[in-house]
Trainee: 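Mind having a look at this structure? Questions to follow.
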Amino acid sequence: MRLFRIYVDGALFYHPQLSKLAVTEAKVEEDAENIDSLTLSAPYNHPYLAAIKPMASVIVCKKGNEVVFEGRAL
């Protein structure tokens with residue numbers, strides 16, 4: 001089984017087996033004509049929520065070793 005993981009600036013932000021790194025929503029939208037997007041929501045007490053810097057942080061979503069999304073935080 002390949003697990004989804006989300007990284008922010010190279011640091012693990014979400015892993016399905018770690019309850020302290022829980023998110024409330026993570027949705028990748030692929031669009032053939034426009035830019036792909038990732039909608040990500042986390043609870044207010046997520047330990048790394050403050051680490052996300054708009055227009056600077058790079059967010060990477062992986063399934064197994066395959067990158068399914070990579071982009072900047074808006």
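When a residue number appears, it is its place in the shown sequence, counting from 1.
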Trainee: Could you work out, with salt bridge (Lys or Arg N to Asp or Glu O under 4.0 Å) as the rule, every residue matching E70, not counting sequence neighbours?
Mentor: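 With sequence neighbours excluded, E70 shows a salt bridge (Lys or Arg N to Asp or Glu O under 4.0 Å) to no residue whatsoever.
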Trainee: Any idea which heavy atoms bring D9 and A51 closest together, and the distance?
Mentor: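 Closest approach of D9 to A51, heavy atoms only: OD2-O, 4.3 Å.
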Trainee: Same cluster or not: L3 versus F13, using hydrophobic residues (I, L, V, M, F, W, Y) connected whenever any side-chain heavy atoms lie under 4.5 Å apart?
Mentor: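 No, because L3 and F13 fall into different hydrophobic clusters, even though each may have its own neighbours under 4.5 Å.
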Trainee: Please report the closest heavy-atom contact between C61 and F4, naming both atoms and the distance.
Mentor: SG-CD2, 3.8 Å
Trainee: Going by side-chain contact (heavy atoms from CB on, under 4.5 Å), name the residues that satisfy it together with K53, two or more places apart in sequence or in a different chain.
Mentor: A56, S57
Trainee: Does Y7 have any side-chain hydrogen bond (donor to acceptor under 3.5 Å, both in side chains) partners at least two apart in sequence or in another chain, and if so, which?
Mentor: R5
Trainee: Please name all residues satisfying side-chain contact (heavy atoms from CB on, under 4.5 Å) with I35, sequence neighbours left out, ordered by chain then number.
Mentor: none
Trainee: Of the non-hydrogen atoms in Y48 and K20, which two are nearest, and what is the gap between them?
Mentor: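 The pair with the smallest heavy-atom distance is OH-NZ, 4.4 Å.
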Trainee: Is M55 isolated, or which residues cluster with it under the ILVMFWY side-chain rule of less than 4.5 Å, directly or via members?
Mentor: L74
Trainee: If you look at every heavy atom in P43 and L49, which pair is closest and at what distance?
Mentor: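 Between these two residues, the closest heavy atoms are O-CD2, 3.7 Å.
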Trainee: Kindly determine whether D36 and V28 satisfy side-chain contact (heavy atoms from CB on, under 4.5 Å), including the steps that lead there.
Mentor: CA-CA 7 Å; D36 295 347; V28 175; 5.5 Å; no
Trainee: Could you work out, with salt bridge (Lys or Arg N to Asp or Glu O under 4.0 Å) as the rule, every residue matching K27, not counting sequence neighbours?
Mentor: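 For K27, the residues satisfying salt bridge (Lys or Arg N to Asp or Glu O under 4.0 Å) (neighbours in sequence not counted) are E29.
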Trainee: Which residue is it: L21, L12, I59? I am looking for the one with a side chain to side chain contact (heavy atoms under 4.5 Å, CB included) to I6.
Mentor: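 The option that passes is I59.
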Trainee: If you count the non-hydrogen atoms of other residues, nucleotides and ligands that lie under 6.0 Å from CD in E30, is the total more than 12?
Mentor: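 Open: at most 12 neighbouring heavy atoms sit under 6.0 Å from CD of E30.
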Trainee: Could you give the distance from NE2 (H46) to OH (Y14), rounded to the nearest 0.5 Å?
Mentor: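 It is 10.0 Å, given to the nearest 0.5 Å.
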Trainee: So which heavy atom on A42 is nearest to which on T24, and how close?
Mentor: N-OG1, 3.8 Å
Trainee: Report the distance from atom OG1 of T39 to atom CZ of F69, rounding to the nearest 0.5 Å.
Mentor: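 If I round to the nearest 0.5 Å, the distance is 9.0 Å.
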